[in-house]
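Take a look at the structure set out below.
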Amino acid sequence: MDKKVTVIGAGNVGATAAQRLAEKQLCDVVLVDIVEGVPQGKALDLTQAAAIEKHDSRVTGANTYDGTTQSDIVIITAGIPRKPGMSRDDLISTNAGIVGNVTKEVASRSPEAIIIVVSNPLDAMCHVAFDACGFPKERVIGMAGVLDSARFRAFIAMELNVSVENTHAFVLGGHGDTMVPLPRYSTVAGIPITELLAQERIDALVDRTRNGGAEIVGLLKTGSAFYAPASAAVEMAESILKDKKKILPCAAYLQGEYGIQDLFIGVPVKLGAKGAEEIIEITLTDAENQALQKSAAAVQELKDLLKTLG
Ligand code: APR
């Protein structure tokens, strides 16, 4: 393959992302993890599945960064996931150290790469990666809105008993309790869900979307969601690798857009070969804008907390 994607963290999200990247024949994949044998073992397993899945993507695993040089994209999933009772924010001190270190390792070897951050708390970890790599803002992007929107779409499809392919949804803001699902911009076959569902049902779906990650943590008990997070990261990677210029909700570094300054937060972004090529500013009602500003304030608090962690 002429494209190379490095996935840091060969755990649940990382290994699943590697599998999807390989099976979609998007690129060769390098899996890196600190646990000896795990990235090598999973890479070998995926390599053996290739004969049956019929693809020629090469998947390799390592505990060092030597094989990551000149990656087109680096997906960072290293860190700890949450357990029942934990919020994403509870992960901040552990994951900030891990994300900072791994970003430096990959950035020095792949100075032209586009970094997709997946580790939580997502928006704060984007700041850690951005500071550690020194890349332009277009090349550091966080995966959150695609996942949150996919969750919203799943719940809309379940509620209306329609194909999920007919659904479209937008979720903006930080990847946490303050996220901002936008029912007015969420549609089924082009029809806004506000025309199809009673307000109380929309509120219930919005609520379930906000708690979508926690619902799965509560069921799994030993970790957090990984199939949909991996799918979301790979959709972003595909849009970049193929220069598709899809507009997807992603955490991007805002410098005045939506009235927000110097902060990573979820907004609609055009993803192409150069990374976050454009931030799309959509018109928000007063209530939607207030919710977005509240979410930005919550991300700002975490950004400030990072400074105290050093
Ligand atoms: N370098 C490389 N890999 C690391 C490092 C490090 N410094 N520290 C931890 N890891 C690896 C772990 O060894 C583990 O294999 O990161 C992997 C994380 O995998 P899981 O524990 O299975 O967690 P996962 O469910 O994949 O979630 C990873 O993504 O969605 C977020 O909140 C989630 O922050 C979490 C991250």
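Positions are given from 1, in the same order as the sequence printed here. One-based numbering, in listed order, for ligands and for the atoms of each.
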- prompt: Going by the atom numbers of ligand 1, which of them fall below 4.0 Å from some non-hydrogen atom of Gly9?
  reply: 16 (O)

message: Please classify the Ala78 to ligand 1 contact at 4.0 Å (heavy-atom distances, strictly less than): side chain, backbone, both or neither.
response: both

field: Under 3.5 Å: donor-acceptor pair, side chain of Glu235, backbone of Ala232
entry: no

message: Under a 3.5 Å distance rule, please check whether His175 uses its side chain to pair with a backbone N or O of Met143 as donor and acceptor.
response: no

- line: The atoms of ligand 1 lying under 4.0 Å from a heavy atom of Val35, numbered in the order shown, are 13 (O)

statement: Nearest non-hydrogen protein atom to atom 21 (O) of ligand 1, with distance, is Pro81 CD, 3.4 Å

message: Can you tell me how the ring of Phe130 sits relative to the ring of Tyr253, calling it parallel under 30°, perpendicular over 60° and tilted otherwise?
response: tilted

field: Closest protein heavy atom to atom 22 (O) of ligand 1, given as residue, atom name and distance to 0.1 Å
entry: Asn12 N, 2.8 Å

query: Where on Ile34 is there a heavy atom closer than 4.0 Å to ligand 1, on the side chain, on the backbone, on both, or on neither?
result: both

- line: In this structure, atom 14 (C) of ligand 1 is nearest to the protein heavy atom Asp33 OD2, 3.4 Å

message: Taking side-chain contact (heavy atoms from CB on, under 4.5 Å) as the criterion, tell me which of Leu26, Leu241, Asp28 meets it with Met1.
response: Asp28

Side-chain donor-acceptor pairs of residues 105-122 under 3.5 Å, sequence neighbours excluded:
from	atom 1	to	atom 2	distance (Å)
Glu105	OE1	Arg109	NH1	2.9
Ser108	OG	Lys104	O	3.3
Ser108	OG	Glu105	O	3.1
Arg109	NH1	Glu105	O	2.9
Ser110	OG	Thr68	O	2.9
Ser110	OG	Gln70	N	3.2
Ser110	OG	Ser71	N	2.9
Ser119	OG	Ile76	O	3.4
Ser119	OG	Ala78	N	3.4
Ser119	OG	Ala78	O	2.6
Asn120	OD1	Leu122	N	3.1

query: Can you find a non-hydrogen atom of Asn101 under 4.0 Å from ligand 1?
result: no

query: Hey, does the side chain of Asp243 reach the backbone of Gly272 with a donor-acceptor pair shorter than 3.5 angstrom?
result: no

- prompt: Does the side chain of Gln290 pick up a donor-acceptor pair with the side chain of Asp286 at under 3.5 Å?
  reply: no

- prompt: Touching ligand 1 at all, Ile80? Heavy atoms, strictly under 4.0 Å?
  reply: yes

- request: Look up atom CE in Met236 and atom CG in Leu248, then write down how far apart they are to the nearest 0.5 Å.
  value: 7.5 Å

statement: At under 4.0 Å between heavy atoms, what of Val13 touches ligand 1? The answer is both

field: More than 12 heavy atoms of other groups within 6.0 Å of Lys303 NZ
entry: yes

- line: If you scan protein heavy atoms around atom 9 (C) of ligand 1, the nearest is Gly79 N, 3.7 Å

message: How far is atom 7 (N) of ligand 1 from the closest protein heavy atom, and which atom is that?
response: Ile98 CG2, 3.6 Å

query: Tell me: protein heavy atom nearest atom 19 (O) of ligand 1, and distance?
result: Gly11 CA, 3.2 Å

message: Suppose we measure from atom 32 (O) of ligand 1 to each protein heavy atom; which comes out shortest, and what is that distance?
response: Asn120 ND2, 2.9 Å

message: Quick test: of every protein heavy atom, which one is nearest to atom 36 (C) of ligand 1, and how far off is it to 0.1 Å?
response: Thr77 O, 3.3 Å

